[in-house]
Amino acid sequence: MSTRYLLYTHTKANNFTSFIRNNIIYNVHNVPFTVYNRRFFSSIERKPLFDKILIANRGEIACRVMRTAKKLGVKTVAVYSEADRNALHVKMAYEAYLIGPAPSAESYLNINKIISAAKMSNSQAIHPGYGFLSENPNFAELLTKENITFIGPPASAIMSMGSKSESKDIMIAADVPVVPGYHGINQDPQFLKQKASEIGYPVLIKAIKGGGGKGMRIVNDPSEFDIQLESSKREAMKSFGDDQVLIEKYLLTPRHVEVQVFADMQGNVVHLFERDCSVQRRHQKILEEAPAPGLSDEIRMELGAKAVAAAKAVNYVGAGTVEFIMDNVDKKFYFMEMNTRLQVEHPVTEMVTSTDLVQWQLEVASGNPLPATQKDLRLEGHAFEARIYAENPANNFLPDTGPLLHLRTPSPSPNVRIETGFEQGDEINVHYDPMIAKLVVKGQNRTEALGILKRALNGYEVVGLNTNIEFLKSVVSHDAFIAGEVETGFIAKHNEELFRSKETPPHVIIQASLSLILSELQNITNENISPFDPFSPWTSLPFSRLNTNHVQTIRFYDDKEGDINVKMRFNNDNSFDITIVRGGLNPIVFKSVLGSWNEAEQQIIAEIENHRVKSHVILEKNSKVVIFDNVSKRVLKIPEPSYLQSKLADVAGSIKTPMPCKISQVFVKPGQIVEKGAPLVVLEAMKMEHLIKSPTTGKVEKIFYNVGDFVEENKNLVNIVVEN
Ligand code: ADP
Ligand code: ADP
Ligand code: MG
């Protein structure tokens with residue numbers, strides 16, 4: 001096939017110059033780009049897109065939709081809860097409406113408020129994103145009545161696919177394979193048990209109205225059946241208000257393989273190939289890729305054809321995903337369910353098909369035909385998505401909340417996409433999904449894409465709450481994952497290797513110690529100190545001026561290892577001799593270590609035994625040092641310095657500074673009577689605050705310094721006289 005190049009200027013959007021090769025338009029930034037066919041260009045009857053749309057969602061998906069809308073010249077309206085006043089999706093929107101308090105039920109699920117925001121803003125259409133109202137047939141129907149376009153499928157398709165049993169019936173009629181099992185209306189326990197035996201154990205009980213893994217029970221043999229059935233029905237009733245169940249064969253080493261489909265109002269349906277989403281925890285996806293590894297082209301085409309048949313069977317319109325479960329051994333696949341919306345993991349498909357699926361949604365919702373035919377669509381390269389969650393993998397992946405105190409992401413490029421709705425300083429709270437971001441990468445093949453993913457994960461830094469980033473790194477470095485041996489039980493199967501922890505390497509401990517000392521010194525002297533800077537030789541260093549002890553001991557606490565003590569001896573040539581002492585091991589000594597701290601970049605550069613290393617270091621006041629060394633995140637806790645207390649105990653009457661420091665607060669005045677333990681002064685040192693308490697009951701006689709003063713070690717701070 002010959003390659004055609006032609007120059008083209010996109011007029012409706014922002015006049016960017018693009019070129020076309022093999023029917024694909026590339027814009028100057030390369031992403032997102034769109035497949036176009038000749039029909040798309042030649043059709044003079046193509047309707048214009050909307051002037052303005054409302055996005056009934058938050059977080060990354062709201063931002064994602066707005067980006068495409070902006071590109072196409074469509075104005076965007078955001079809705080937000082009280083908790084989201086400063087959220088990125090609100091800042092990005094052309095216009096925004098407050099719709100209620102933080103809980104979703106009172107805001108993002110509040111249909112009336114959302115519709116009135118759409119009317120007030122004259123929005124012609126609503127994009128529901130995923131979650132929230134995206135698969136609510138009543139919402140879709142109500143919008144139609146209000147003459148607002150729902151950017152999604154017809155309510156009837158959402159309804160048919162919302163029931164796991166009805167959808168199975170539709171699929172069987174359309175000749176799409178379903179998991180062997182029983183999904184009829186007879187709910188008699190004895191009858192269901194009989195069916196289970198016919199299907200053959202193990203079986204899976206599922207709530208027909210189920211979702212999110214709720215109501216699912218594995219039954220290994222007949223003796224467990226009754227009890228599991230009861231428990232499934234109980235959970236189903238509680239979660240979905242309907243306790244009907246179906247029974248199906250439980251596949252032992254299955255993969256989750258799903259197909260992206262798209263349909264327009266003219267009756268055209270295409271598939272955009274498959275995604276593998278097998279790596280899951282708690283039946284929820286964390287790593288997705290396209291194409292699925294190890295599939296033959298024959299099976300790929302079969303999957304696509306069955307997915308298209310499934311969409312046609314429900315007169316589908318818009319973006320949808322047909323989920324299949326695939327037996328890893330015989331590669332037989334079975335329909336599981338259809339998700340009638342844009343999926344979280346849609347970007348991996350965009351990366352390998354060079355499409356912008358949100359643009360496709362807008363085209364279809366405007367009444368235009370699909371931008372491409374099946375023939376135009378090609379699979380190129382390999383893409384991964386890693387979902388970055390606020391959660392604690394070590395504690396059963398339970399969600400975590402907290403502020404994003406420090407956030408640094410890898411640089412975006414045509415091969416690295418970061419989809420997020422958060423910025424540094426934002427908070428992940430209990431009201432919404434704990435997903436912080438999606439990291440999406442592309443390579444020419446799986447190996448290259450995996451390399452890019454690893455590197456990007458290494459450059460993703462989050463401080464302030466627990467994330468799964470370190471866990472994702474161990475998954476993508478695991479031999480089985482590298483070999484493409486994915487299955488839904490991947491995490492359970494490789495649990496031990498995935499959670500194996502390594503002790504903190506000495507170079508990390510050294511970098512943490514140097515960061516503390518050098519940043520502190522810079523704070524006090526306001527001088528940039530670097531042995532690597534020819535104009536700032538360490539000979540001019542203010543150590544001597546400060547009258548510091550030439551040996552300083554730093555204590556860390558590591559959750560796994562316990563206490564780590566670091567003895568830092570400052571040498572005349574501006575280097576340090578550093579001794580690391582930890583739990584039962586022989587001390588390790590590193591001679592003549594050099595260090596340079598860059599406050600603006602929060603970066604330490606060290607030379608340790610002729611090896612130069614550099615890391616980002618985040619010093620969290622009073623509590624910990626976090627180091628990103630380009631491979632992993634390490635946290636070293638700082639225990640409350642006990643020597644501080646013991647020094648104070650010696651000096652009732654005259655309280656001295658335990659270290660070089662800055663006075664940040666003074667609580668008392670001369671003449672004041674204080675109790676033993678009363679707060680006197682807060683000092684700031686080593687990026688930490690230390691509260692100095694009165695060692696005795698008595699009267700404050702004199703305070704030697706004011707707030708803001710820098711004080712050397714062992715100076716009189718406060719005098720207290722004991723009165724009889
Ligand atoms: P939900 O509606 O809760 O998402 P699904 O039917 O999509 O429920 O199933 C969720 C997950 O459960 C799948 O991705 C797969 O990991 C597992 N699963 C579902 N059905 C089976 C089955 N028959 N055998 C083995 N695992 C299954
Ligand atoms: P680049 O992003 O261009 O690779 P970097 O500054 O990240 O540049 O790193 C340059 C080189 O130094 C890389 O080869 C990297 O592996 C190495 N490097 C970076 N940080 C450290 C560190 N903390 N310890 C050891 N080697 C490092
Ligand atoms: Mg599902």
Side-chain angles (χ1 to χ4, degrees), residues 130-131 134-136 158-172 176-183 192 195-196 198-220 228 232-233 235-236 238-260 274-289 292 303 307 310 320-341 343-345 385 387 397 433 485-493:
Y130 53 73
S134 61
E135 290 180 285
N136 182 327
I158 302 180
M159 208 122 58
S160 312
M161 289 303 169
S163 158
K164 287 189 200 291
S165 57
E166 187 186 340
S167 62
K168 274 188 155 185
D169 281 333
I170 297 170
M171 291 312 133
I172 292 168
V176 177
V178 304
V179 186
Y182 175 77
H183 60 279
L192 290 175
K195 284 290 165 194
E198 286 169 24
I199 296 160
Y201 286 92
V203 298
L204 189 61
I205 305 176
K206 282 186 187 177
I208 67 158
K209 287 282 161 66
K214 288 218 176 80
M216 269 194 330
R217 294 289 183 282
I218 303 163
V219 190
N220 291 304
Q228 295 290 30
S232 159
K233 278 182 177 285
E235 189 169 284
K238 227 173 36 195
S239 314
F240 316 110
D242 183 329
D243 70 351
Q244 293 183 77
V245 296
L246 60 82
I247 315 282
E248 62 183 37
K249 177 130 198 84
Y250 183 65
L251 305 182
L252 285 176
T253 51
R255 286 169 64 173
H256 176 118
V257 180
E258 59 183 34
V259 179
Q260 176 72 55
E274 82 287 357
R275 300 183 279 258
D276 189 299
C277 316
S278 296
V279 180
Q280 307 179 343
R281 47 103 181 87
R282 296 192 274 120
H283 294 298
Q284 284 175 349
K285 305 156 185 171
I286 47 173
L287 265 170
E288 297 102 335
E289 60 184 296
L303 268 170
T321 295
V322 184
E323 294 189 338
F324 295 97
I325 191 157
M326 178 177 279
D327 191 312
N328 213 2
V329 181
D330 59 14
K331 298 283 187 285
K332 276 198 181 136
F333 58 85
Y334 309 95
F335 171 83
M336 198 156 46
E337 65 171 345
M338 181 168 183
N339 295 318
T340 52
R341 54 173 156 84
Q343 300 262 92
V344 175
E345 61 273 22
E385 171 180 281
R387 299 193 192 187
F397 298 95
D433 190 272
E485 290 162 10
V486 287
E487 54 181 279
T488 59
F490 184 90
I491 291 173
K493 183 172 176 180

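Whatever order the structure lists them in is the order used to number ligands and atoms, beginning at 1.
- Backbone and side-chain nitrogen or oxygen atoms of Lys214 are examined, and none is located within less than 3.5 angstrom of a nitrogen or oxygen of ligand 1.
- Looking at Asn220, Leu192, Val219, Ile218 one by one, the single match for side-chain contact (heavy atoms from CB on, under 4.5 Å) with Val203 turns out to be Val219.
- Taking the side chain as every heavy atom from C-beta outward, Leu287 and Phe490 never approach each other to under 4.5 Å.
- Taking Glu248 as the reference, Lys168, Lys206 meet the salt bridge (Lys or Arg N to Asp or Glu O under 4.0 Å) condition, with sequence neighbours excluded.
- Atom numbering of ligand 1 starts at 1 in the shown order; those under 4.0 Å from a heavy atom of Ile325 are 18 (N), 20 (N), 21 (C), 22 (C), 24 (N), 25 (C), 26 (N), 27 (C).
- Across the listed options Lys209, Glu337, His283, Arg255, Glu337 owns the non-hydrogen atom lying nearest to atom 7 (O) of ligand 1.
- Below 3.5 Å of separation, one finds no N or O of Leu204 facing any N or O of ligand 1.
- Inclusion of Tyr250 in the set of residues having an N or O under 3.5 Å from an N or O of ligand 1 is not warranted.
- When non-hydrogen atoms are compared, ligand 1 lies under 4.0 Å from the backbone of Lys249 (N, CA, C, O) but not from its side chain.
- Distances below 4.0 Å separate heavy atoms of Glu323 from the following atoms of ligand 1: 7 (O).
- The shortest distance between side-chain heavy atoms of Glu345 and Glu258 falls below 4.5 Å.
- Between Pro202 and Leu252, the closest heavy-atom pair is CG-CD2, 4.0 Å.
- In the displayed structure, Lys214 atom NZ is contacted under 6.0 Å by at most 12 heavy atoms of other residues, nucleotides or ligands.
- Every atom of ligand 1 is numbered from 1 in the order shown, and the set under 4.0 Å from a heavy atom of Lys164 is 1 (P), 2 (O), 5 (P), 6 (O), 8 (O).
- Residue Arg275 is tested with Glu385, Glu289, Gln260, Glu288 for a side-chain hydrogen bond (donor to acceptor under 3.5 Å, both in side chains); the sole match is Gln260.
- In this comparison of His256, Gln280, Lys206, the heavy atom closest to atom 16 (O) of ligand 1 sits on Gln280.
- When each atom of ligand 1 is checked for a heavy atom of Glu248 under 4.0 Å away, the hits are 20 (N), 21 (C), 22 (C), 23 (N).
- Between Lys195 and Glu198 there is a salt bridge, since at least one side-chain N of the basic residue sits less than 4.0 Å from a carboxylate O of the acidic one.
- Heavy-atom proximity to Thr488, at under 4.0 Å, picks out these atoms of ligand 1: 16 (O).
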